[in-house]
Asks: 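The structure under discussion is supplied below as structure tokens; questions concerning it will follow.
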Protein chains: 2
Amino acid sequence: MNSVLPSEAPTASLAAQPAATPSFRPLYQQIRDLILRSLQQGEWKPAEVIPSEMELAARFGVSQGTVRKAIDELAAGHLLVRRQGRGTFVATHAEQQVQYRFLRLMPDVDQADAEQPAQREIVECKRARATADVARALALKTGESIIQARRVLSFGGIPTIVEDLWLPGEPFRGLTAHRLSAYPGSLYAFFESEFGVRMVRADEKIRAVLPDVQQAALLQIPVSTPLLSVERIAFTYGNRPMELRKGLYRTDSRHYHNRLS
Amino acid sequence: MNSVLPSEAPTASLAAQPAATPSFRPLYQQIRDLILRSLQQGEWKPAEVIPSEMELAARFGVSQGTVRKAIDELAAGHLLVRRQGRGTFVATHAEQQVQYRFLRLMPDVDQADAEQPAQREIVECKRARATADVARALALKTGESIIQARRVLSFGGIPTIVEDLWLPGEPFRGLTAHRLSAYPGSLYAFFESEFGVRMVRADEKIRAVLPDVQQAALLQIPVSTPLLSVERIAFTYGNRPMELRKGLYRTDSRHYHNRLS
DNA sequence: CAGTGGTCTAGACCACGCT
DNA sequence: GCGTGGTCTAGACCACTGT
């Protein structure tokens, strides 16, 4: 039997599979998707506990082991975090552990003592209309309302990153330079707590480039300094693109770190 | 009970844990490490099948489920590959699927039709002595014997990558420019089939740089062209570093792709 | 001590690949 | 049809966290 009996799944119905098996879909994946939908719909908010495995098993009418495997996959994708003895929690960007989960620029020499956090300066933040490029990246239509921002990150007083951001206007309605500057945590923690938009995954395209005059000025470097260009699209639940970000990184005393396996 | 009874593990003994639990180590991790050791010692060679889950369960005196969880972890780390209905195989770099598993330089426009493979040209290949830097990266002593090579990769006739390689002399004894040039597959497939050295993981440090005169000449570009510098250390089983590679990538029509999650 | 996730087992059945 | 990995279950027990 490849589907949950409706009578045993009072709060959620799974699409029944025909007895013949033209397309087989494991139960635990169906459960995973149901949990995912609950996350998406905000049934449990970031940093909250979700129901225990036994509760979920009862709710979906499956065994604990099946729920466990569903949660395993979500935890592997950093959507959930398991804490033994306490419960399973909705993952959040606001955790102390990793300040910048998606920033891979590391100091060349690992100063053992805690590195002081980056200083952030908002250079610009305005409402605008999506160009064709931006619209394509954010799955919008050309001309739709967006928010555009530029900021500079400095480490130990040295301007190191200049970033341009493009955000869809609708979900981020009410975002202002002032609120951006005032927020103490990372941008993604800001999006999460202020707009309920949780970034789950990102794709980056990395190149070596030279800055234009303005970028060079912001980083206080000559225009002949090669920089890392990092173009990122960040996605929420359901692979919906919610941020386009183009960063320029100085790499003379830091490097972009990547592990291949 | 946290350890396998010796009587039930005839071909391998697991370290018994004291009844008090000062340090608890799950059984499946112990099994995983035993399988890992067998891989390391070459009991099963790349692309070969390993024994079935039931056989391994009998051999280690545990249930199939425990072996399964051990294999799951190794498969997640790309050390093993499961194929339903056929068995579990030792992973290899020689698979057709992904030509270059560790090369993340992608064409900007995805030509749907198969891209023709890169052309490879060995520029240099010589025996030498490890400098302090190289020795540190490869966990050797300064002055130990190494092999040094330089090659150029071209895509569609355009020289795109120039790479310098440093390899420990001992495991790669007998490597020559001729054998390098003659081998049809990727470098890592070559290391695997010709020297039994299987790379399992790699760390990369990425920067933006300008080429020196010689590098610019090899890539047929001006010295003012910013390039991606990719410094990679590749590891075999047991986190032993076995290759240092410094690559320069042209990124005007290709980009380094990375997925963050 | 109760409740949570984590481990381990044994057994049944399913999907897949080969012969 | 057989053997492989893949799914699902039910139950026991362990390790960890809070009260």
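Lettering of chains follows the sequences in order, A, B, ..., and the numbering in each one begins at 1.
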Asks: What's the closest nucleotide to the side chain of A/T66 if the choices are D/dG6, D/dT9, C/dC18?
Replies: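 Output: D/dT9.
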Asks: Quick check on D/dG6: is either OP1 or OP2 less than 4.0 Å from any side-chain nitrogen or oxygen of B/R68?
Replies: yes
Asks: Please state how far atom CD in B/Q64 lies from atom P in D/dG6, giving the value in whole angstrom units.
Replies: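 It works out to 10 Å between those atoms.
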Asks: Among all residues two or more places apart in sequence or in another chain, which pass the side-chain hydrogen bond (donor to acceptor under 3.5 Å, both in side chains) test with A/T88?
Replies: none
Asks: Output yes when at least one side-chain N/O atom of A/K69 is less than 4.0 Å from OP1 or OP2 of D/dT7, else no.
Replies: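 Yes, such a contact exists.
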Asks: Whole angstrom is fine here: how far is it from CD1 in A/I31 over to C1' in D/dC8?
Replies: 11 Å
Asks: In whole Å, what is the span from the CZ atom of B/R32 to the C1' atom of C/dT7?
Replies: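 Between C1' of C/dT7 and CZ of B/R32: 14 Å.
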Asks: Specify the separation, in whole Å, of atom CE of B/M54 and atom P of C/dG11.
Replies: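 The distance from CE of B/M54 to P of C/dG11 comes to 9 Å, rounded to the nearest Å.
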Asks: Rounded to the nearest angstrom, tell me the gap between atom CD in B/Q84 and atom C1' in C/dC18.
Replies: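 Rounding to the nearest Å, CD of B/Q84 and C1' of C/dC18 are 13 Å apart.
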Asks: Side chain of B/R86: nearest nucleotide among D/dG5, D/dC8, C/dG17?
Replies: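 Out of D/dG5, D/dC8, C/dG17, the nucleotide with an atom closest to B/R86's side chain is C/dG17.
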Asks: Just to confirm, is there a sub-4.0 Å distance from OP1 or OP2 of C/dA10 to any side-chain nitrogen or oxygen of B/S63?
Replies: no
Asks: Enter the distance from A/I35:CD1 to A/R32:CZ here, rounded to the nearest 0.5 Å.
Replies: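 The CD1 atom of A/I35 sits 10.0 Å away from the CZ atom of A/R32.
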Asks: Just N and O in the side chain of A/R82: are any of them under 4.0 Å from OP1 or OP2 of C/dT4?
Replies: no
Asks: Quickly work out the A/Q29 CD to C/dC14 C1' distance and round it to whole Å.
Replies: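 Value for this atom pair: 14 Å.
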Asks: With distance as the sole test, does B/R151 use its side chain to make a donor-acceptor pair with the main-chain N or O of B/S181 at under 3.5 Å?
Replies: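 Such a contact is absent between B/R151 side chain and B/S181 backbone.
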Asks: With respect to the side chain of A/E55, which nucleotide from D/dT9, D/dT7, C/dT4 is positioned closest?
Replies: C/dT4
Asks: Starting the side chain at C-beta, find the nucleotide from C/dT4, D/dT7, C/dG6 nearest to A/S52.
Replies: C/dT4
Asks: Among D/dG5, C/dC8, C/dG5, find the nucleotide with the atom closest to the side chain of B/P26.
Replies: C/dC8
Asks: Without decimals, in angstroms, what is the distance between B/F89 CZ and C/dG17 C1'?
Replies: 10 Å
Asks: Does the side chain of B/S154 pick up a donor-acceptor pair with the side chain of B/Q119 at under 3.5 Å?
Replies: no
Asks: Between C/dT7, D/dT7, D/dG5, which one does the side chain of B/Y28 approach most closely?
Replies: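 Taking heavy atoms from C-beta onward, the closest nucleotide is C/dT7.
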Asks: Quick one: A/E53 CD to D/dC8 P, roughly how many Å, whole number?
Replies: 15 Å
Asks: Once the angle between the rings of A/H93 and A/Y188 is folded into 0 to 90°, is it parallel (under 30°), tilted (30 to 60°) or perpendicular (over 60°)?
Replies: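 Ring orientation, 0 to 90° scale: tilted.
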